[in-house]
Structure formats: structure tokens, C-alpha cells
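Convention: sequence-line order gives letters A, B, ...; per-chain numbering from 1. Predicted model, so just to flag it, every value in this text is computed and none were measured. FYI, side chains are in, hydrogens and waters are out, and symmetry mates aren't considered; it's all heavy atoms of this structure.
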Amino acid sequence: MEKKSHGNLEALGPDAVLVQPIVATRSSFYHLALALLGFTTFAFFAWLHQLRWGLGTTGLNVPVYWGFYITNFVFFIGISHAGTLISAILRLCHAEWRRSITRAAEVITVLVLFFGVGSVIVDLGRPDRMLNVLKHPNFHSPLLWDVCSVSAYLLASSIYLYLPLIPDIAILRDYGGKYTRFYRLLALGWQGTKRQRHLLDRAIAVMAVLVIPIAISVHTVVSWVFGMTVQPMWHSTIFGPYFVVGAIFSGIASLIIAMALIRRIYYLQHYLKAVHFDNLGTLLLVFALLWFYFTFAEHLTTFYGRDPAHLVVFYSKLTGRYAPLFWGMVVTCFVIPVGILCRRRTRTVTGTVAASISVLVGMWLERFAIVVPTLSRPRVPWSKVFYSPTWVEIGITLGFGATFIFLYMLFTKFFPIVSIWEVQEGREVALEEVAKRIDSYMPGPPAVEGARFTAGTEGALQLEGE
Amino acid sequence: MPRWGMVVDLTKCTACQACVVACQTENNVPCVEPEQAALGRIISWLKVLPEIKGAYPRISMQLMPLPCLHCDSPPCIRVCPVGATGITPEGVVRQIFARCIGCRYCTNACPYTRRMFNWYKPNFPGELQQALNPDVTVRPKGVVEKCTLCHHRLMQAKERARAEGRALAEGDYVPACVEICPANAMYFGDLDDPDSKVAGLARSPRAFRYLEDLGTEPKVIYLTEGEWAGGKEKPRQP
């Protein structure tokens, strides 16, 4: 595979537009960044207030010991499944349309994990003692399993984000704009030699395989925090896969929204095309149906079993105080997205974005409807105390969301949000490879020269004919 | 090694709440402002739980004093990520206040809701400052606390017995709630000693453990209210 050296941006040809966000920054970027940082500052002060006075400044009470923060934790960790998992699966399946979307997905994963972990730290009564989880670990606790799997996931997904970045960092280094020393350091001496390409392809393939079980374990373990207790409607064997499906569901939705924004703001309509939204929209549709199946199975089993302790929680969700949240979740997670996505005519960019926003709202409600109703109705008869968040919790939640968006924006200002080398590779070699691959599926002698596809141990795009 | 347990005779209990007050003062349980109490942030290691049975007109209310039940298989200690809670060889479910990170997983895992969280800095207004028990630490804000079966009393009883060169005898160590009970409805002792009062009562046909189908194996045992089920155990005059 020959690789040209990039002396300047002209060498990128039409792909120069991918570097444009790094080269030039419009004033609207600074305005938006300032507005987002306003939320960050507010959240920071809310947290200081909470540290000063204690968790009494939140709306939490006895017996609702967990509320917004733990809901956010599950929600953010769920969104983290956007990236790495989707990108890894698409890579392993040789889905050629992945090339321009994988980076946008992987960045979501790495950044949002910090807010998932941050939500738990904010929830602690004594965050100053949080390192006790390393000093006195109790491996019987599902929360410690979480510490292990989330750390592993953060590490693996950071590597998985970084590896395909290396050739692009080298492009920026050779372009010789701002921060050349920073890019030189990160490029690890990338020259695009055949050997380097081979090593990179292998490393990416290994990480893609490795990251999938880790990602699945992460959300399974998050669900086990609830499932391992004996509390009504938490103690469920279905929670592992149910949470994983919900996580991928909200992950795809956030990816679609991120892609739509990138495409609009950085004029990348030629890279993030309608077909990408159509494909991801179809995937979102599949997960909406899967989500409905799991939700239905979970609730029907509870209802049919008629365990009184479970039924109390069940009815508080279906007809009681939490009914607006529960039915709101059914509408936003199922009715709206399926209504939009089931027809090709409405599976447009606007349509998929609308469905995705609805799914994100719905999945947050779903997490809330799992955490709070169970705690509100313990087995022991308890005076009816209801949970509603205070300004501290709302402020920190908004601040986390805003800070995530800010960091995502910042990333696009330092690294290309669409992988340049992967798009180039797609343009240069993928067409031929796909033709060979399809030819290899067909009966009879190969029509294309050298088309014998070898099973993929040698990385995604290794072919015998080369 | 004794296995400390408690028996509460619900027929004798008048729900006077003396045990609750004794527990609060003995263990330096902080006071909570009325508006905080309305939010459900009362800290009470021992609570008299009203359980309403049936529906109008055939309605009855059972009042049961509910401390930590010191389960032999406690759901709370398994889930603690830092091992801040555990069970002593004598069967007391203890809490290390200095290690607790305040994640409140244990409070959510306890099916009896018997673990309490310090939402604020502990508050002891006015004269209550002087009433603090010097044998019990005051817990800081942000940690979970719970009934210790007045563990400081066990320590003192052991020291006294050692000083007098004898073994710990029945009645040497009694938690504050049991000591104060004016109706003598609460009993305390070693459940593993077949001759002890509590072990005898625990074998009574009236004995039950609260939510025992959850498999938590509580060491606080209740004797049912109302009709004598077996006749083996006659009500005793205090």
C-alpha cells in the first residue's frame, strides 16, 4: 500500500475540508463554548455548595437514597456504548460506510465515560475517601465490579480511539500549523510505511475484538448494581441484557445527533451523507423494537408473578405516581422512534435526529423509572416521602451535559472528527476489495483477478491478492 | 463465642417509644429539624414501625420496634465496595464510620431500610451538647450509620468481667433499648446458649423473623401478638 507524504493541505485534495475546523475557528464557536462553560461553572458551584453542606442539599431522602446522580450515571455509561461498540462491530463486519463515522462515535465513548464516573463521585457522601475503593476493595460488591469494568473500558476505548488517530495526527504534524510539537509527540513517528500500516491494522483489529466484550460487561455490571439486591423490581435476571440493549439504543441516538451537528456546522454533507443516517436509523429502529421486547418481558413477568412487594412498585409505575414518567418513556422510546423510523420516507437526516432526541429523553426516563420507584416503595411500610430534585442536582446534571458538549467541540478543534486516512483508504482501495470480496462469495471461478478472500485474522482488509 | 440476639414480645410491647428515645441518647443520634423530618431525613437506629393489616372495618395495626436485625446473612455487607460494614464473630453487623465513602449502596440493599445516612453535619442543639455519650463517636456528615447493638456496652461489660476475673454472664451486657423497656417486652442474650432466655424464646411457636422469606436470617426475633399459638410460653408479669 503506497502512501504519499502530506507536505501541505493541498495534498489532501477534497479532504482538506476535514482539517478546516482545526485550521480556522469561527466566532460562533467561542460564543457557544462560553455559554457551555457557564453551565460548567454553575455545576461546579452547585457541587461546592453540596460539599459544604452535605447531601442534604439534594432532594434525596429516606428511603430514596439514589436519584438524579445515579440515573445520570447509568445514562452516561449507556451513551458510552455509542462509540466503541458500534464502531468495533462495523469494523469487524467490514461495513464500508463506517469510515466517516467511527471517529465521531469513539470520541463520544471516551468523553462521556468521565461524566458517568463523575456522577458517582458527585453522589458520594464522602468523595474525599473515594480512593478507599483501591485501599480496601471488597470484591463481593457489584459497585467494585463497576470500578474494574469501567476502568478497563476507559483504558480500552481510549486506546481504540487513539490508534486510528495516529495517521491523522501525522497529517497535522506534517501540515506544520499550530501545536506541531504536540502533534509530533502524539504521532509516534508515523511515516505511513507498509510495516507501520500493517502493525496499525492489526492493532486496530485486536482492539476492536477486545473492546466488544469489555463494553458489554460494563453495562451488564451497571445493571447488576441493581439486579444483585433483593429489592422489588430490581432483583431481575433480565437486567444485564436489558441494560446493554438500552445502552446501545441510547448510544446510537447520541451518535446520530452528534453526526448531524458535525455535518451541519463543519459542512461535511459529503462525508456524513443521508445514507449514513438511513443506516443508523435502521439500526436505531431495530434497537427500539428490542427495547420494547425487553421492557414488555420484564413487566409482564412481574405482573403475572404477582409478588405483592413487586406489584406495589409495578403499579406505582404503571398507574401510580410514576405513571407519567413510565408512559412518557414508552412513547419516547418506542412509539415516536418506531413511527418515524419504520418508513424510508421519514428516515431522513431530520427524521432520524428527531427520533434520536426522543430516544435520549426516553432512555433517561427509563433509567429514572428503574432507580427511583423501587426505592420509594420498600418492603417495610414507610411513610410516603417523594423524591424531587433540587437546584443542585438539576444544575450538576445540566453542567455535566454542557461540559460533555464543550469537550466534544474542543476535540474537533484539535483532531479531525472524520478520519481522513480511513476515508482516503476507502477511496483508494476499498472498492476493489469489496468487489473481490463479493466475487469470493459467488460460485464458479473468480471473475476479478486474485479474488480469494482470506478469513479475517489478518485485520479487516487483508487480502490474499495483494 | 456468643451470638447476640434479641427477642421482642409484641404482646407486651405498648409502643411507648421509650426504646427509641433511649437509643437516640445512648448512641448520640443527631437531631433533625422538623422541616428535614418532613422530607424523610430522620435518623433513627430504632424505629417503632406501624404495620397496618387488613382494611376498614376489619383493620388492625401492629406496632413493632425495629432496630437493625443483625442478619446472619446480611444483604448490606456484601454490597459495600470498601468493606466498611461487616459482621463480627459475635454476629453484630458493624459499620466503620471512618472508612464509609457514603455511596449508600448498603442503605438501598437493606430490605428493612434500617441504615441511616448523615445528610448534614450532626446537629445537637443547646443542652443536648452536654448530654452526649462520651463512649460513642459522633458520626460526620456523609457517612452511613446504624444500630451497633450498643457495642460500647459490650466492650465495657467484657472489661468489667475481665477485671473481676470471671466470664461474661447473662445480663452483663444489654443494649439501651432492652434495658429501658418499661413493659419488659424486649429480651437480649446469647442465641447459641441453649439455656439463655432468648434462645428459649426463639424456639417458641410464637417466634417469627421479619421478612424471613428473604433469607436474611435476622437475629432479632419477634413473638406474635394476640392469641397464644402454642401455650408453651405464658405471658410473664413484669
Query raised in the report: Given a strict heavy-atom distance threshold of 4.5 Å, which part of W145(A) is in contact with chain B: side chain, backbone, both, or neither?
Result: neither
Report summary line: Under a 4.5 Å heavy-atom criterion, the part of residues 121-130 of chain A in contact with chain B comprises D123(A), L124(A), G125(A), R126(A), R129(A), M130(A)
Report task. Count the heavy atoms belonging to other residues, nucleotides or ligands that lie under 6.0 Å from CZ of F208(B), then report whether that count exceeds 12. Result -> yes
Query - Heavy-atom proximity to chain A below 4.5 Å, by part of I77(B) - result: backbone
Query - Closest heavy-atom pair and its distance - P378(A), T113(B) - result: CB-OG1, 3.7 Å
Query raised in the report: In terms of heavy-atom contacts, does CD of E127(B) have more than 12 from other residues, nucleotides or ligands at under 6.0 Å?
Result: no
Query raised in the report: Would you say F124(B) has more than 12 foreign heavy atoms packed within less than 6.0 Å of its CZ?
Result: yes
Query - Closest non-hydrogen atom pair between S141(A) and C80(B), with its separation - result: CB-O, 3.4 Å
Query raised in the report: Do side-chain atoms of Y105(B) reach the backbone of V225(A) as a donor and acceptor pair under 3.5 angstrom?
Result: yes
**Report entry** Structural part of L51(A) lying under 4.5 Å from a heavy atom of chain B
**Finding:** backbone
Report task. Go through the atoms of R114(B) and report whether side chain, backbone, both or neither lie under 4.5 Å from a heavy atom of chain A. Result -> side chain
Requested in this report: Dump the intermediate steps for side-chain contact (heavy atoms from CB on, under 4.5 Å) on L143(A) and V79(B), then the final yes or no.
Outcome: CA-CA 7 Å; L143(A) 223 51; V79(B) 300; over 6 Å; no
Report task. Report, as yes or no, whether the 6.0 Å neighbourhood of atom CH2 on W382(A) holds more than 12 heavy atoms from other residues, nucleotides or ligands. Result -> yes
Report summary line: One option among R379(A), H140(A), M228(A), H136(A) has the most heavy-atom pairs under 4.5 Å with chain B, and it is H136(A)
Requested in this report: Of all the heavy-atom pairs spanning A109(B) and V230(A), show the shortest one and how long it is.
Outcome: O-CG2, 4.5 Å
Report summary line: Comparing R99(B), K141(B), E51(B) against chain A, the one with the most heavy-atom pairs below 4.5 Å turns out to be R99(B)
**Report entry** Heavy-atom pair of closest approach, residues C103(B) and W66(A)
**Finding:** O-NE1, 2.9 Å
Query raised in the report: Is it the case that more than 12 heavy atoms not belonging to F386(A) sit under 6.0 Å from its CZ atom?
Result: yes
Query raised in the report: Pick from C76(B), A98(B), A38(B): which one has the most heavy-atom pairs with chain A under 4.5 Å?
Result: A98(B)
Report summary line: Heavy-atom closest pair (R104(B) atom, Y65(A) atom, distance to 0.1 Å) is NE-O, 2.8 Å
**Report entry** Contact origin within C110(B) toward chain A - heavy atom pairs under 4.5 Å
**Finding:** backbone
Query raised in the report: For chain B, which residues from residues 53-64 of chain A lie under 4.5 Å away (heavy-atom distances)?
Result: W53(A), G54(A), L55(A), G56(A), T57(A), T58(A), G59(A), L60(A), N61(A), V62(A), P63(A)
Requested in this report: Specify which of P50(B), P75(B), G215(B), G40(B) makes the most heavy-atom pairs with chain A at under 4.5 Å.
Outcome: G40(B)
Requested in this report: Heavy atoms only: give me the nearest N138(A)-R78(B) pair and the separation to one decimal.
Outcome: ND2-O, 3.3 Å
Query raised in the report: Is the backbone N or O of N108(B) less than 3.5 Å from a side-chain atom of Q231(A), with the two atoms forming a donor-acceptor pair by type?
Result: yes
